[in-house]
Amino acid sequence: MHRKNEVCRVCGGRTFTKFLELGDQPLANAFLTAEQVKAGKEDKFPLDVYVCHGCWHAQLLDVVSKETLFSHYLYFSTTTKTMPAHFASFAKEVADVHTKKGDFVVEIGSNDGILLAAFDPRERRILGVEPATNVAEFARKERAIPTMNRFWTPETATEITRDLGKAKVIISNNVIGHIDDLAGVTKGVKILLEPDGTWIWEAPYLVDLIEKNEFDTVYHEHLAYFAVHPARAMLERGGLKLVDVKRFGIHGGTIRVYAKHEEAPDEPSAEVQKLLALEKSMKLDTPEPYLALGERVKKLRTDLNQMLADLKAQGKRIAAYGAPAKGNTLLNYCGIGAQVLDYAQDTTPVKQGLYTPGMHVPVVHPAEFRKSPPDVALMLAWNYEREILEKEAEFRKRGGKFLIPIPTPRLV
Ligand code: TYD
Ligand code: ZN
């Protein structure tokens, strides 16, 4: 179920600095039933982040098998307001700028089909590739999105090319970092992408992770923490070329990377040069900024636990707002469980009625939050801060406070 890599998945290097040690942790999306909690058996795996001295790619070396992680998945992209809006504008850009009528668009890791649903099926041919059976089924049945229930491999790419032809655009949002065999990912893209096609992918940006102490975005599914520099190295190794990159606020800070075949005439944009220079100025090609992050994260844990202890001492009721995967990294690393949190409210139906992995906080329907609001809500889904503060104006008006843990714990 778990093994440890010895070499960097971008450059093959063998020298690393370990800079975040988050302890043995359960899988962040492995919510438990009451029976499973009672049975007391829960798999835990080391959660440590390393940076490679060859290409300075930040990554996990402990790999949990993809079948364990992704065959049944509790993450549905559509549970919030922010993401559908982001996807709609992404789809519009792909439709307007990168494709024309009749072109074929393939999404790797298409989840519940939210992004592909934004394309007009009469204008573009679309296909999703999604390994989680339950999520793929939802996309097919509820959204009528053609979805192949498969992992992304060179074989999958070959099969699609044979049956449906090459793709003008390949999209992948927050999936590349989930895949251990990065060389296999780029190989598949090389096979399926039209000669003048574009591969556009998004991943959380390492610069934001470091600047905003977003250590909780680390969990076993996320094998890679991309900066532009190692992303370029990965593309070049795969016979591809980095041509453009854009930065977004989504998920705490995201980059959208545009790649073409290495033979393409395109030159890297000014934005590529700008972000490479930024990374250089942050000394991301030395161990220091990584080790400094490690120290800040230890302090964050101490400070957050102190604040929670003080609130408890004042007799305050505390609950978690949202039960995202990242929340489980935070709760497990800080040791915050049901003795501190009455419950975690979450809008995702499949999570409700279950318990958070490791700390076993019961996940409840948002109605519970309405009926019995806590004094303080620990905002685990801090990447939706604005959406949540707006939505919960009533709670705040009545004196309710949010405790936002990232980048440093503060009461709002
Ligand atoms: P998200 O941050 O997208 O992902 P991850 O699991 O990768 O860390 O998850 C957000 C979670 O927060 C999701 O389970 C839904 C929940 N949520 C709420 O319960 N209420 C809300 O108002 C919002 C915005 C999110
Ligand atoms: Zn490397």
Side-chain angles (χ1 to χ4, degrees), residues 5-17 27-31 50-59 61 69 73-87 109 111-112 114 173-175 177-178 182-183 203-204 214-222 224-227 229-234 236-237 250-254 284-285 319-331 343-352 354 356-357 363-370 377-393 395 402 406:
N5 282 0
E6 285 181 355
V7 302
C8 168
R9 53 175 77 74
V10 167
C11 77
R14 290 176 177 269
T15 312
F16 297 95
T17 291
L27 302 180
N29 273 311
F31 289 81
Y50 300 77
V51 65
C52 165
H53 287 216
C55 66
W56 300 98
H57 180 49
Q59 59 196 291
L61 295 178
L69 276 176
Y73 205 38
L74 292 186
Y75 182 85
F76 283 73
S77 298
T78 315
T79 47
T80 64
K81 264 198 206 146
T82 313
M83 289 316 287
H86 177 72
F87 288 143
N111 197 269
D112 58 13
I114 175 78
N173 283 327
N174 296 311
V175 286
H178 292 54
L182 282 181
E214 296 165 348
F215 76 97
D216 54 345
T217 60
V218 173
Y219 40 91
H220 299 96
E221 288 163 29
H222 293 167
Y225 302 86
F226 276 107
H229 182 81
R232 183 178 64 172
M234 174 196 77
E236 286 173 358
R237 255 178 99 103
I250 222 96
H251 283 312
T254 288
L284 293 190
D285 54 351
Y321 198 97
K326 67 173 75 62
N328 292 325
T329 294
L330 183 135
L331 296 181
Y343 56 80
Q345 75 102 30
D346 197 282
T347 49
T348 317
V350 285
K351 290 182 186 174
Q352 294 157 5
L354 301 179
T356 65
V363 183
V364 303
H365 188 281
E368 183 67 26
F369 186 82
R370 297 272 109 68
L378 176 60
M379 194 189 285
L380 295 178
W382 51 260
N383 46 324
Y384 297 104
E385 177 178 331
R386 200 184 308 157
E387 180 175 335
I388 292 171
L389 291 180
E390 256 168 44
K391 187 158 103 182
E392 300 302 344
F395 165 71
F402 278 102
I406 306 288

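Bear in mind that the values here come from a model prediction, so they are computed numbers and not experimental data. When a ligand or atom number is given, it counts from 1 through the structure's own listing order.
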Within 4.0 Å of some non-hydrogen atom of Tyr384, the atoms of ligand 1 are 1 (P), 2 (O), 3 (O), 10 (C), 24 (C)

Original post:
Would one find an N or O of His251, backbone or side chain, under 3.5 Å from an N or O of ligand 1?
Top reply: no

In this structure, CG of Leu69 is separated from NE2 of His178 (nearest 0.5 Å) by 8.5 Å

Checking heavy atoms under 4.0 Å, the part of Lys351 that sits near ligand 1 is side chain

*Metal check, the Zn ion (ligand 2) vs His53 N/O/S, cut-off below 2.8 Å*: no

The angle formed at the Zn ion (ligand 2) by SG of Cys52 and SG of Cys55 is about (to 10 degrees) 120°

Candidates Val350, Thr329, Ile388, Asp346; heavy atom nearest atom 16 (C) of ligand 1 found on Asp346

Candidates Thr347, Asn29, Leu330; heavy atom nearest atom 19 (O) of ligand 1 found on Thr347

- Item | Contact check, Glu392 vs ligand 1, heavy-atom distance below 4.0 Å | no

Interatomic distance, CE@Met234 vs SG@Cys8, rounded to 0.5 Å, equals 11.5 Å

Row for the Zn ion (ligand 2): angle SG (Cys11) to SG (Cys8), 10° precision, value 120°

Logged contact type for Thr348 with ligand 1, heavy-atom cut-off 4.0 Å, is side chain

Do Ala325 and ligand 1 have an N or O pair less than 3.5 Å apart? yes

- Message: Before you tell me yes or no, could you show the steps for Gln345 and Glu368 under side chain to side chain contact (heavy atoms under 4.5 Å, CB included), namely the whole-Å CA-CA distance, both residues' side-chain angles and the distance that decides it to 0.1 Å?
- Response: CA-CA 7 Å; Gln345 75 102 30; Glu368 183 67 26; 5.9 Å; no

| task | Confirm or rule out an N/O/S atom of His57, from backbone or side chain, lying less than 2.8 Å from the Zn ion (ligand 2). | result | no

Distance col, row Phe16:CZ vs Glu6:CD, nearest 0.5 angstrom, shows 9.5 Å

- Message: Run the side chain to side chain contact (heavy atoms under 4.5 Å, CB included) test on Glu392 and Tyr321 for me, step by step, so that the C-alpha distance in whole Å, both residues' side-chain angles and the decisive distance to 0.1 Å come before the verdict.
- Response: CA-CA 11 Å; Glu392 300 302 344; Tyr321 198 97; 2.5 Å; yes

So for Glu387 against ligand 1, with non-hydrogen atoms under 4.0 Å, the contacting part is side chain

The reported gap from CG in Leu380 to CG in Leu331 (rounded to nearest 0.5 angstrom) is 5.0 Å

Per-atom filter on ligand 1: closer than 4.0 angstrom to a heavy atom of Tyr321 are 20 (N), 21 (C), 22 (O)

Would you call the rings of Phe369 and Phe395 parallel, tilted or perpendicular, taking 30° and 60° as the class edges?
tilted

NE2 of His251 to OH of Tyr384, rounded to nearest 0.5 Å, is 5.0 Å

The atoms of ligand 1 lying under 4.0 Å from a heavy atom of Lys391, numbered in the order shown, are 20 (N), 21 (C), 22 (O)

- Message: Donor-acceptor check, side chain of His222 to backbone of Thr217, threshold 3.5 angstrom: yes or no?
- Response: yes

Counting heavy atoms under 4.0 Å, the part of Ala381 that contacts ligand 1 is side chain

Quick look: Tyr219 vs ligand 1, heavy-atom contacts under 4.0 Å, and the answer is side chain

*Note, Phe226 side chain near Pro204 side chain (heavy atom, < 4.5 Å)*: no

Separation between CG (Asn383) and CD1 (Ile388), nearest 0.5 Å, reads 7.5 Å

